[in-house]
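This report concerns only the one structure given below.
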Amino acid sequence: MGSTANVQEMEKQRVNSAKWYANWKFITLGIIIILALIIAAGSYYQANHFNSAIKINGIKVGGMTTDQALKKLKTTVLKNEVYVGNQQILDGKDTTMEFTNKDLPAIKKLLKRQWTFLPSSKAKDYPLMSSNQDQYRNQTLKKELEEKLLAMNKSLKAPQDAVVRLEQGKMVVTNSISGEQYDVAGLLKDYEKQEYVSEIRLNPVYIQPIKENSEIIKNEQKRMEEFLAQTVDYKVQDKVFTLKASDLIKNASITRDLKITLNDAGDIKNKIAEINNSQSTLNKDFTFKTHSGSMISVKGKGYGWAIDVDKEVPGIMAAFEKGEKSVTAANIYGNGWNGEGYGYQAVTNNGIGDTYAEVSIAEQRIWLYKNGKLVVTTNVVTGTHSTHHDTSPGVWYILYKQTPAVLTGRENGKITYQVNVDYWAPFTNDGQGFHDASWRGNWGSKAYLSSGSHGCVNTPPSIMRTVYNNLSTHEPVVVY
């Protein structure tokens, strides 16, 4: 009896267990199905909606579909207010971001990039350019910003760069000074990065001066040192004078591209004047060796040259500035009709050269030399001594040659004579020169004392042609 009851009880428990297991399997399957549905729904949602903390161009699109995000981007108004620091400097017109339906594929790409299996609260702001360029922001407003900044800078303190310069022969570097002017280029770059920000806030960036310890200043110091070590060979006739920058230049400046500018002539003018005094012959006494070998001193008159120091200095300054190694004297003047100076090319015979005419008043004779050799000599008659019409002593030069010629004498503005000659070679501006004198009968060595010429060198007609042919324009004539 008891055994049967136990069997029945055990069977009852087995049946209950089977029912419970069946119910558990059903419930578990249901839970799995529900979870699968939830996950599927969540995954679908995740695949089609932006995470909660996502922004595009600073606009919140969290929880939105791509269509919704596009609609919000299309309708978002940009105030276009521009600030530098906390100061508003521009209030542009309101615009939109210029997004269109053409931009939907780009937004969908962003949705794929931000996708996570489970919802994420991680913040992310995606930049996105619209297919239509914002002409107002990219051009108009940017131009207004540039003009505004430039206008503001006019009233702001400019920075001062460190400067290298030569002062009184010493190289100095001035200190840089900070300013208040905006770095317009830097601010515009910052502006370009804020393509779709309604309030454009730019960090103040200022123009920085070139510092005294910068590479730029170091390079300028090096260049100035190199400049001071420069020399220019200054050639005058056959002599070369070495001009040293360190000795002659006192004040100079240097540009950022390392070009040197002399601020004044320094001691260059004094040096050229010194060279001119030692080399020039204008209005000086010439030491002359006569036909007899004696040495005499003859005053330079028409013949002679000098350096125009004032005109010469700029060329030498330019030579230093350009780094030229040599320069030749170029501004020569004298007593020529047009201010030209003759004798610059003559470097022998104390500046007379080896081709010249020698006239001795005392001996009443002339000697003509070509390349150091005597080519002709003859007796002559010079100006009348008793009437003060003496031929003028000095170093002159042949002004020109003419054959035949009419000689006209004047005194007190009146014509005193006119004579025809076959050959005429004047050497003074007042009409003294060599010519034949067919009318002359007295060719004696004392004729000049009381019956000489009006100042000319009368030459016998028989030899005048030879004399004429051996005279050259601009060659010196030494009268003593």
Check: Ser297 and Thr287: side-chain contact (heavy atoms from CB on, under 4.5 Å), yes or no, with the steps?
Finding: CA-CA 5 Å; Ser297 180; Thr287 299; 5.5 Å; no

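- Judged by a 6.0 Å distance limit and a 45° cone about the ring axis, Lys401 is positioned over the six-membered ring of Tyr468.
- No donor-acceptor contact under 3.5 angstrom links the side chains of Ser130 and Asn132, judged on distance only.
- No more than 12 heavy atoms of other residues, nucleotides or ligands shown are found within 6.0 angstrom of CZ on Arg113.
- Remark: Lys269 NZ is loosely packed, at most 12 non-hydrogen atoms of other residues, nucleotides or ligands lying under 6.0 Å away.
- Under a cut-off of 6.0 angstrom, the local environment of NZ in Lys71 is sparse, with at most 12 non-hydrogen atoms contributed by other residues, nucleotides or ligands.
- The minimum heavy-atom distance linking Asp103 with Ser131 is given by the pair OD1-N, 2.7 Å.
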Margin query: One pair to check against side-chain contact (heavy atoms from CB on, under 4.5 Å): Glu146 and Val184. What are the steps and the verdict?
Written below: CA-CA 7 Å; Glu146 180 180 16; Val184 177; 4.1 Å; yes

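- By the neighbour-count criterion of 12 heavy atoms within 6.0 Å, atom NZ of Lys250 is densely surrounded, having more than that number from other residues, nucleotides or ligands.
- In terms of heavy-atom proximity, Ile254 sits nearest to Glu220 at CD1-O, 3.7 Å.
- For Val84 against Leu149, the heavy-atom pair with the smallest separation is CG2-CD2, 4.4 Å.
- Tyr196 places no side-chain N or O within 3.5 Å of a backbone atom of Leu73 that could act as its donor or acceptor partner.
- Closest heavy-atom contact between Lys79 and Asp91: O-OD1, 4.1 Å.
- Using a 30° and 60° split on the angle between ring planes, His49 and Tyr45 fall in the parallel class, below 30°.
- Between the side chains of Gln194 and Asp190, a donor-acceptor pair is found at a separation under 3.5 Å.
- Residues Tyr369 and Glu358 come closest through the heavy atom pair CE1-OE1, 3.7 Å.
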Next item on the list: Apply ring-ring contact (aromatic ring centres under 6.0 Å, His included) to Tyr182 and Tyr206, showing your working.
Entry: CA-CA 4 Å; Tyr182 291 110; Tyr206 301 97; 5.4 Å; yes

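- In this structure, Lys271 forms no cation-pi arrangement with Phe241, as its terminal cationic atom is not both closer than 6.0 Å to the ring centre and no more than 45° off the ring axis.
- Side-chain polar atoms of Glu192 and Asn138 form no donor-acceptor pair below 3.5 angstrom.
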Item checked: Derivation of the ring-ring contact (aromatic ring centres under 6.0 Å, His included) call for Phe50 and Tyr126 -> CA-CA 12 Å; Phe50 286 100; Tyr126 292 100; 7.7 Å; no

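- In this structure, Lys211 places its NZ atom where more than 12 heavy-atom neighbours from other residues, nucleotides or ligands lie under 6.0 Å away.
- Side-chain contact check for Asp233 and Thr242: at least one donor-acceptor pair (N or O, by modelled atom type) lies under 3.5 Å.
- Contact detail for Leu243 and Ile316: the closest heavy-atom pair is CD1-CG2, 3.8 Å.
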Note to self: salt bridge (charged side-chain N to carboxylate O under 4.0 Å, His left out), that's the test. Do Lys370 and Glu475 meet it? Break it down for me.
What the structure shows: CA-CA 10 Å; Lys370 289 286 187 183; Glu475 77 177 29; 3.6 Å; yes

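- Applying the ring-ring contact (aromatic ring centres under 6.0 Å, His included) test between Tyr303 and each of Trp396, Tyr342, Phe288, Phe286 identifies Phe286 as the sole match.
- Heavy-atom contacts from other residues, nucleotides or ligands closer than 6.0 Å to NZ of Lys72 number more than 12.
- Each of Tyr397, Phe434, Tyr400 was checked for a ring-ring contact (aromatic ring centres under 6.0 Å, His included) with Phe427, and the lone residue meeting it is Phe434.
- Judged purely by atom type and a 3.5 angstrom limit, Glu321 uses its side chain to pair as donor or acceptor with the backbone of Leu262.
- Surrounding NZ of Lys74 are more than 12 heavy atoms belonging to other residues, nucleotides or ligands, all under 6.0 Å away.
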Check: Should Asp134 and Met97 be marked as a side-chain contact (heavy atoms from CB on, under 4.5 Å) after you check the CA-CA gap, both sets of side-chain angles, and the distance that decides it?
Finding: CA-CA 7 Å; Asp134 188 342; Met97 293 188 184; over 6 Å; no

Next item on the list: I would like to know whether Ile272 and Tyr234 meet side-chain contact (heavy atoms from CB on, under 4.5 Å); could you show each step before the answer?
Entry: CA-CA 9 Å; Ile272 302 307; Tyr234 181 53; 3.7 Å; yes

